[in-house]
> 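Shown below is the structure under consideration.
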Amino acid sequence: MKKEELKYLQRLAELYPTIAQTATEIINLQSILNLPKGTEHFLTDLHGEYEAFSHVLRNGSGAIRRKIDDVFGHTLSTADKKGIATLIYYPREKMDLVKKEEEDMENWYKITLYRLIEICKTVASKYTRSKVRKALPSQFAYVIEELITEKKEVVDKGDYYDSIVTTIIHIRKAEDFIIAMAELIQRLVIDHLHVLGDIYDRGPAPHFIMDKLMSYHSLDIQWGNHDIVWMGAAAGQRSCIANIVRISARYGNLDILEDGYGINLLPLATFSMATYKEDPCACFKIKGNGSESQEEAKLNMQMHKAISIIQFKLEGQLIARRPSFQMEDRRLLHRIDYEKGTITLRGKEYPLLDTDFPTIDPKNPYALSPEEEEVMERLQSAFIKCEKMQQHMMLLLKKGSLYKVFNGNLMYHGCVPLNENGSLKEVKVYDRIYKGKALYDALELYVRKAFFAQDPEEKKKGEDIMWYIWCGPNSPLFGKDRMATFERYFLTEKETHKESKNPYYRLLEDESVMDGILMEFGLQGKDVHIINGHVPVHHASGESPIKCGGKVLVIDGGFSRAYQKETGIAGYTLIYNSYGLMLSAHEPFTTTEAAVREEADIISNRVAVELTQKRKLVGDTDTGNVLRERIEELKQLLQAYRDGIIIEQF
């Protein structure tokens, strides 16, 4: 035995100091390999729509309803099944309604408890006792474990279990117990959650989504371009900060910053009112719900314009500072003829819709005015010092990455940059050239440097690269040749608004190209897939999220209300369980109250993308591969004990 192998086994022996403990762990791990594969849940492009996200998380994209069907079959009516499903999603709210209508609550509690126990038995059956025990709510852990391991055929046990249920009701703990059982079912139905980016922007409550994810039992996150710009802002990158404030203003969501994160926007508001007091700011209308007063709307538009001008200045400075980004065409302020009120783009002159630029010096258009500089200093300090935002960004760093390979699926937000012929595009990142997987790895390394690097220059590079990932022409998270923000504000000509997509999107149905991408990330064979979001699928016009014969799944269907008129639905989600892949289309979510009162779910259509002939087990997954490696190591330790190479520690 090699010295390194012996040293490793000696370390392993500290965890398993006897033959009996080693053998027990081998038996345990071997048995886990034969359990059904846990259910994976895929969501993407949440865009701050917390209520819709929360509902989909509660119903497991239909997984809970399928479990109810499995348990009760035709023994319960459709109405009863809908009722029990709604109770599991919203136990407290549903019971409040039931109490107003039900005359015999004791009988309702008893029936409901028995139904929940049966469902809980089924959802717990694919896990080890140990894993279920860890998921149990501490308040009722012992009682729930007794009830879900009930075997009525055991002599004299039936009365024992019945007495537990009766006692729960008589001591007035039925409602608490029902809530605990409902939450346990939600917890056990989904084994692992994948969020494929764009948690932030547009919708009203991304901070609530992040709060929910902070406590979720098992998840990973693939960063979206809207997430990465928030990460850049939290690191203090000024162009990212300006983008966040501008987008929040544009969609009438400044309260996310003020109330959600405690960012003080008073300096910006004061500056905006003073600078644009007589300016109608007509190009900077708000895309909110229109509920604000006329004065509030005017202030929001002033703030919207103020931060937009600051953004264009800061981005111009950044592009000049980082010539390797090759984005000189996005420096536009020096292309304006301030006397004529026009701008020259690609050799053509266009009239501007707004020519009031009181803070721009035509001789030095990218310099912030002293007042703008003060606004940015205050905002930068507020973002860096915001404890809640930093906690949320740490979750993105801890659980997140630019891509993930898991159980035969390659997950990312956006696209893999390609050339017109489908080959991997070479992209310059500072002083080196990368493509494919290496590009993702290099960009991710710089993102992490922005938060953790000790070298100031490397840290600054990391901060700036996050802005590039947000809107750079060769960024895998953006996937377009440019972000025409300035043109959409100031020019009517649609030709100037055009943002050309990377060839990746045109080649999604090309099997050889998609196979090449999968192989680049180490995947090949018939049961591998690319799963990504970023570009909404236009369901209303007949577009399918299933591309390349099922090899590629684009599951952004428009969670954001801003997209739903175009897409015709409210998002796609994906379930991958032991039977295969199931895609769900969702209708727009209204309110939690309506979901409870009307027992309305938002799943409109389910499509089986790929079903397995043989049920998948843990042994067929990446986790199974890890467990098999561990089993082999433990077998070596067992043999070392038996050969006397390592001595048991009793």
Side-chain angles (χ1 to χ4, degrees), residues 238-239 241-259 263-317 330-345 349-382 483-494 496-497:
R238 286 186 164 196
S239 295
I241 291 171
N243 269 280
I244 281 177
V245 178
R246 178 186 62 81
I247 294 169
S248 297
R250 181 175 176 81
Y251 287 90
N253 288 327
L254 286 172
D255 56 339
I256 294 172
L257 295 171
E258 293 181 299
D259 301 332
I263 302 294
N264 182 11
L265 296 179
L266 183 59
L268 175 62
T270 303
F271 164 74
S272 303
M273 286 189 291
T275 306
Y276 300 99
K277 183 177 181 180
E278 305 301 328
D279 189 337
C281 301
C283 294
F284 296 87
K285 290 184 171 66
I286 307 303
K287 292 190 174 185
N289 56 24
S291 60
E292 70 273 11
S293 68
Q294 188 174 352
E295 286 301 310
E296 287 175 325
K298 181 180 179 181
L299 175 58
N300 286 344
M301 290 167 69
Q302 290 169 339
M303 293 173 70
H304 187 188
K305 180 173 182 178
I307 197 65
S308 297
I309 299 301
I310 290 173
Q311 176 188 317
F312 300 139
K313 289 183 176 185
L314 291 171
E315 289 178 337
Q317 294 175 18
R330 292 289 83 208
R331 298 182 79 233
L332 301 179
L333 298 184
H334 69 285
R335 304 173 196 273
I336 295 174
D337 186 321
Y338 291 92
E339 292 185 1
K340 292 172 64 178
T342 62
I343 187 170
T344 301
L345 300 175
E349 191 174 54
Y350 297 93
L352 296 171
L353 293 170
D354 184 340
T355 58
D356 189 2
F357 303 115
T359 70
I360 296 180
D361 176 2
K363 296 179 181 178
N364 189 11
Y366 300 104
L368 296 183
S369 69
E371 295 80 9
E372 288 173 327
E373 178 64 35
E374 183 180 354
V375 167
M376 283 311 303
E377 284 179 1
R378 298 281 293 275
L379 284 173
Q380 187 177 34
S381 176
M483 187 177 283
T485 305
F486 180 95
E487 292 89 333
R488 288 195 296 271
Y489 280 125
F490 289 103
L491 303 176
T492 58
E493 290 81 3
K494 295 294 183 184
T496 66
H497 300 184

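For clarity, every value in this text was computed on a predicted model and none was experimentally measured.
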> Quick one: CG on Leu352 to CG on Asp337, what's the gap to the nearest 0.5 Å?
9.5 Å

> Starting at OG of Ser369, measure out to CD of Glu374 and round the result to the nearest 0.5 Å.
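One gets 10.0 Å once the value is rounded to the nearest 0.5 Å.
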
> Cation-pi check, Arg331 to Tyr366: give yes when NZ or CZ is under 6.0 Å from the six-membered ring centre and within 45° of the ring axis, no otherwise.
yes

> Rounded at 0.5 Å granularity, tell me how far CG in Leu332 sits from CZ in Arg335.
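Output value for this atom pair is 6.0 Å.
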
> I'd like to check Glu371 versus Thr275 (side-chain heavy atoms, cut-off strictly below 4.5 Å). Are they in contact?
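SC-SC contact between Glu371 and Thr275 ruled out.
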
> Using atom types as modelled and distance alone, determine if a side-chain donor or acceptor of Gln311 lies under 3.5 Å from a backbone N or O of Ser308.
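No, Gln311 side chain to Ser308 backbone: no donor-acceptor pair under 3.5 Å.
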
> Could you go through Leu265 and Leu379, starting from their C-alpha distance and side-chain angles, then the distance that decides it, and tell me whether this counts as side-chain contact (heavy atoms from CB on, under 4.5 Å)?
CA-CA 8 Å; Leu265 296 179; Leu379 284 173; 3.8 Å; yes

> What are the two closest non-hydrogen atoms of Ala242 and Ile307, and how far apart are they?
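Heavy atoms only, the tightest pair is O-CG1, 3.7 Å.
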
> Would you say the side chain of Phe271 lies within less than 4.5 Å of the side chain of Leu266, judging by non-hydrogen atoms?
no

> Any heavy-atom pair between the side chains of Leu345 and Tyr350 that's under 4.5 Å?
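Contact flag for Tyr350/Leu345 side chains = yes.
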
> Using 0.5 Å steps for rounding, measure from the CG atom of Asn300 to the OG atom of Ser248.
11.0 Å

> How about Asp354 and Phe284: do any of their side-chain heavy atoms sit closer than 4.5 Å?
yes

> Taking it one step at a time, do Tyr489 and His304 satisfy ring-ring contact (aromatic ring centres under 6.0 Å, His included)?
CA-CA 11 Å; Tyr489 280 125; His304 187 188; 5.2 Å; yes

> Is the shortest heavy-atom distance from the side chain of Leu257 to the side chain of Asn264 under 4.5 Å?
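The answer is no, as the side chains (C-beta and beyond) never meet within the 4.5 Å cut-off.
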
> Looking at every non-hydrogen atom in both residues, tell me the closest pair between His497 and Glu493 and how far apart they are.
CD2-O, 3.4 Å

> In Å and rounded to the nearest 0.5 Å, what is the CG to OG distance from Leu314 to Ser239?
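Nearest 0.5 Å value for the CG-OG distance: 5.0 Å.
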
> For Tyr251 and Ile256, what are the C-alpha separation, side-chain angles and deciding distance, and is it a side-chain contact (heavy atoms from CB on, under 4.5 Å)?
CA-CA 11 Å; Tyr251 287 90; Ile256 294 172; over 6 Å; no

> Go through the steps to decide whether Glu315 and Asn243 satisfy the test side chain to side chain donor-acceptor pair (under 3.5 Å), and finish with yes or no.
CA-CA 10 Å; Glu315 289 178 337; Asn243 269 280; 3.0 Å; yes

> Could you list the residues that satisfy side chain to side chain donor-acceptor pair (under 3.5 Å) with Arg238, not counting sequence neighbours?
Glu373, Gln380

> Under 4.5 Å between any side-chain heavy atoms of Phe357 and Pro362, yes or no?
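They are not in side-chain contact.
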
> Would you please test Phe490 and Ile343 for side-chain contact (heavy atoms from CB on, under 4.5 Å) and show each step?
CA-CA 10 Å; Phe490 289 103; Ile343 187 170; over 6 Å; no

> Drop me the distance from Gln302's CD to Leu268's CG, to the nearest 0.5 angstrom.
10.5 Å

> By salt bridge (Lys or Arg N to Asp or Glu O under 4.0 Å), which residues pair with Lys340, not counting sequence neighbours?
Glu349

> Going by heavy atoms in the side chains, are Ile309 and Lys313 under 4.5 Å from each other?
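In contact.
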
> Where do Pro351 and Leu491 come nearest, in terms of heavy atoms and distance?
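In this case the closest contact between Pro351 and Leu491 is O-CD2, 3.5 Å.
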
> Kindly write out the residues that satisfy salt bridge (Lys or Arg N to Asp or Glu O under 4.0 Å) with Arg330, not counting sequence neighbours, or none if the list is empty.
Glu487

> Walk me through whether Ser381 and Arg378 qualify under side-chain contact (heavy atoms from CB on, under 4.5 Å).
CA-CA 5 Å; Ser381 176; Arg378 298 281 293 275; 6.0 Å; no

> For Leu368 versus Glu372, what's the shortest heavy-atom pair and its separation?
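Scanning both residues completely, I find the closest heavy atoms to be CA-OE1, 3.5 Å.
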
> Which pair of non-hydrogen atoms, one from Pro365 and one from Leu333, has the smallest distance, and what is that distance?
O-CD1, 3.5 Å

> Taking all non-hydrogen atoms of both residues into account, name the closest pair between Ala249 and Ile286 and its distance.
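For Ala249 versus Ile286, the nearest heavy atoms are O-CD1, 3.2 Å.
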
